[in-house]
Amino acid sequence: MALLKYSTKIDKAITKAVENDLKTKVISVSRIEAGEVSFVYKIQTQDKGNVIAKAFRLKEFIPPEGKLEWIEEQLEKRKILFAKTYKIDRSSDILPHGYMIQEFI
């Protein structure tokens, strides 16, 4: 297990991922330094509002295929508000252990 070490390259890669995946321009990026499992960023976009982006530090930290989708479906059925997931990339060329982009609430 190779733990991804922090570098400013991650900041640039996560910014690029958000711009590419959400088809928008990034206005500002703030790293939230409390994460243990992922490198977490609050990102302000030009026309999609604020999002949270996570660069996973280990492949094992990526949620299993379909798990988040199932959880979100259950929350929607019960009319419970939650941060919607916009993208999970499990095989990223941009970040070695993948990343996730979610709605900021």
Side-chain angles (χ1 to χ4, degrees):
M1 284 196 260
L3 186 67
L4 181 62
K5 302 266 190 227
Y6 176 74
S7 122
T8 56
K9 291 179 183 178
I10 297 168
D11 302 345
K12 293 174 186 155
I14 205 76
T15 300
K16 180 180 177 183
V18 168
E19 288 184 331
N20 290 342
D21 292 337
L22 300 184
K23 309 286 188 259
T24 189
K25 181 175 173 29
V26 167
I27 304 300
S28 68
V29 177
S30 302
R31 184 167 165 233
I32 300 170
E33 296 191 35
E36 293 290 323
V37 173
S38 305
F39 296 112
V40 182
Y41 299 85
K42 179 181 177 188
I43 299 177
Q44 181 185 7
T45 68
Q46 185 171 5
D47 57 347
K48 305 285 186 187
N50 292 325
V51 298
I52 290 290
K54 301 174 183 178
F56 300 116
R57 296 183 72 195
L58 278 173
K59 273 270 191 234
E60 292 76 13
F61 293 157
I62 300 172
E65 187 88 35
K67 184 174 184 175
L68 284 180
E69 293 85 352
W70 182 85
I71 291 169
E72 288 184 8
E73 183 180 305
Q74 301 308 307
L75 292 170
E76 280 183 0
K77 282 181 188 176
R78 290 162 179 80
K79 299 184 181 357
I80 298 170
L81 296 177
F82 62 96
K84 292 172 182 61
T85 301
Y86 296 133
K87 170 84 176 203
I88 298 176
D89 190 322
R90 292 174 172 82
S91 59
S92 176
D93 293 333
I94 298 172
L95 291 155
H97 302 307
Y99 64 93
M100 178 167 57
I101 304 169
Q102 293 181 298
E103 176 182 32
F104 177 82
I105 55 172

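Every heavy atom of this structure was used, including side-chain atoms; hydrogens, water molecules and symmetry mates were not. Residues: numbered from 1 along the sequence shown.
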According to side-chain contact (heavy atoms from CB on, under 4.5 Å), who are the partners of [X], at least two apart in sequence or on a separate chain?
| X | result |
| --- | --- |
| Leu81 | none |
| Gln74 | Trp70, Lys77, Arg78 |
| Lys87 | Asp21, Asp89, Tyr99, Ile101 |

About how many Å separate [atom2] of [Y] and [atom1] of [X], when rounded to the nearest 0.5 Å?
| X | Y | atom1 | atom2 | value |
| --- | --- | --- | --- | --- |
| Lys48 | Ile27 | NZ | CD1 | 13.5 Å |
| Lys25 | Gln46 | NZ | CD | 7.0 Å |
| Gln44 | Ser28 | CD | OG | 4.5 Å |
| Thr15 | Asn20 | OG1 | CG | 10.5 Å |
| His97 | Arg57 | NE2 | CZ | 9.5 Å |

*ring-ring contact (aromatic ring centres under 6.0 Å, His included): pairs with one or both residues in residues 4-32, sequence neighbours excluded*: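 Qualifying pairs, neighbours excluded: Tyr6-Phe39.
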
*Given side chains that start at C-beta, do those of Phe82 and Glu103 come closer than 4.5 Å, heavy atoms only?*
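When only atoms from C-beta onward are counted, Glu103 and Phe82 do not touch, as no gap falls below 4.5 Å.
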
*Would you call Met100 and Leu68 a side-chain contact if the rule is heavy atoms closer than 4.5 Å?*
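Sidechains of Leu68 and Met100: in contact.
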
Residue pair [X] / [Y]: nearest heavy atoms and the distance that separates them:
| X | Y | answer |
| --- | --- | --- |
| Lys5 | Ile10 | O-CD1, 3.4 Å |
| Glu19 | Val26 | OE2-N, 2.9 Å |
| Lys54 | Ser38 | CB-CB, 3.9 Å |
| Ala83 | Ile105 | N-CD1, 3.6 Å |
| Leu95 | Ala55 | CD1-CB, 3.9 Å |

*Looking at residues at least two apart in the chain, or sitting in another chain, which of them share a salt bridge (charged side-chain N to carboxylate O under 4.0 Å, His left out) with Arg90?*
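If we apply the salt bridge (charged side-chain N to carboxylate O under 4.0 Å, His left out) test to Arg90, skipping adjacent residues, the hits are Glu65.
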
_Through direct or indirect side-chain contacts below 4.5 angstrom among Ile, Leu, Val, Met, Phe, Trp and Tyr, which residues connect to Phe104?_
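Besides Phe104, the cluster holds Ile32, Val40, Ile52.
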
